[in-house]
Participant: 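Below is one structure. I have some questions about it.
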Amino acid sequence: MHDDALARAPGRLDDRALDQLFRQARSVRSWQQREVSADVLRQLYELMRLGPTSANCQPARVHFVVGARARARLLPLLDAGNVEPTRHAPVTAVVGFDLRFYENLPRLYAHQPDAVSWFNASTASAREAALRNGSLQGGYFIMAARALGLDCGPMGGFDASAAAREFFPGADVEVNFLCNLGYGQPGSRYPRLPRLEFDEACVIS
């Protein structure tokens, strides 16, 4: 499809929206000290949860670190290079996935009474599904945040096991990644790093 035809495709987002979600968006490490309200965090989740998952399983779990006491529990778990960006971020989301997600399927996928058995045959199969679908939801999380005008700073570089114990105590949850949220400092975004070209990453057969 040619660019002009693509631009007229029904349902296509306009360029301003595509810029906000993808083209102009960057991972952020320097933050304005602007509050992100609990209402905005609820809106973020309301959008995130609408993305598709296998059998509507929704294994992602999110702990939003906002207060000073919670942040003090998080900072010692980070690699050194992530401490200062996280210290100054208005919110840090601890994004995990529930290994016992299938226990909710009688409610979330009620039209298939045997859906639990699709996932709980073994610990390994349950974890594989939780990781895959929780990671999908992590991508939806970032897109939802950007759609609401937030900047994101997703990161690894932390003690995932300790974060799970600290922020999901008593739950069978593994932490996938952290994501700082807020409003980036103007002019602080890094230039776009190279991306693979279509023919390097894709095949049409």
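Nothing fancy with the numbering, it's 1 onward along the sequence.
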Participant: Measuring only between side-chain heavy atoms, which start at C-beta, is Phe168 closer than 4.5 Å to Glu174?
Facilitator: no
Participant: Can you tell if the side chain of Phe64 reaches within under 4.5 Å of the side chain of Leu181, non-hydrogen atoms only?
Facilitator: yes
Participant: Any pair with a residue in residues 52-65 that passes salt bridge (Lys or Arg N to Asp or Glu O under 4.0 Å), sequence neighbours left out, goes on the list, sorted by first then second residue, please.
Facilitator: Arg61-Asp98
Participant: To the nearest 0.5 Å, what is the distance between OG on Ser54 and OH on Tyr109?
Facilitator: 9.0 Å
Participant: Do the side chains of Phe101 and Leu99 join up, straight or via other hydrophobic residues, at under 4.5 Å, putting them in one cluster?
Facilitator: no
Participant: At what distance, to the nearest 0.5 angstrom, does OH of Tyr183 lie from CD of Glu35?
Facilitator: 9.5 Å
Participant: Could you tell me which residues satisfy side chain to side chain contact (heavy atoms under 4.5 Å, CB included) with Val116, sequence neighbours excluded, listed by chain and number?
Facilitator: Tyr102, Leu105, Pro106, Asn120
Participant: Is there a side-chain contact between Val94 and Glu166 in this structure, where contact means two heavy atoms from C-beta onward sitting under 4.5 Å apart?
Facilitator: no
Participant: Return a table of donor-acceptor pairs under 3.5 angstrom between the side chains of residues 135-152 and protein atoms on other chains or two or more places apart.
Facilitator:
| unit_1 | atom_1 | unit_2 | atom_2 | d |
| --- | --- | --- | --- | --- |
| Ser135 | OG | Leu131 | O | 2.7 |
| Ser135 | OG | Asn176 | ND2 | 3.0 |
| Gln137 | OE1 | Ala60 | N | 2.8 |
| Tyr140 | OH | Pro52 | O | 2.8 |
| Arg146 | NH1 | Leu21 | O | 2.8 |
| Asp151 | OD1 | Arg189 | NH2 | 2.7 |
| Asp151 | OD2 | Gly184 | N | 2.7 |
| Asp151 | OD2 | Arg189 | NH2 | 2.6 |

Participant: Where the side chain of Arg29 meets the backbone of Ser27, is there a donor-acceptor pair that is under 3.5 Å apart?
Facilitator: no
Participant: Does a salt bridge link Glu128 with Arg132, judged by any charged N lying under 4.0 Å from a carboxylate O?
Facilitator: yes
Participant: Using the rule that two of Ile, Leu, Val, Met, Phe, Trp, Tyr join whenever any of their side-chain heavy atoms come within less than 4.5 Å, decide whether Trp31 and Leu41 are in one cluster.
Facilitator: no
Participant: Any side-chain to backbone donor/acceptor pair from Asn133 onto Thr53? Under 3.5 Å, distance only.
Facilitator: no
Participant: Mind checking the OG1-CG spacing from Thr86 to Asn180? Nearest 0.5 Å is all I need.
Facilitator: 4.0 Å
Participant: Under the 3.5 angstrom rule, does the side chain of Asp79 hit a backbone N or O of Asn82 as a donor-acceptor pair?
Facilitator: no
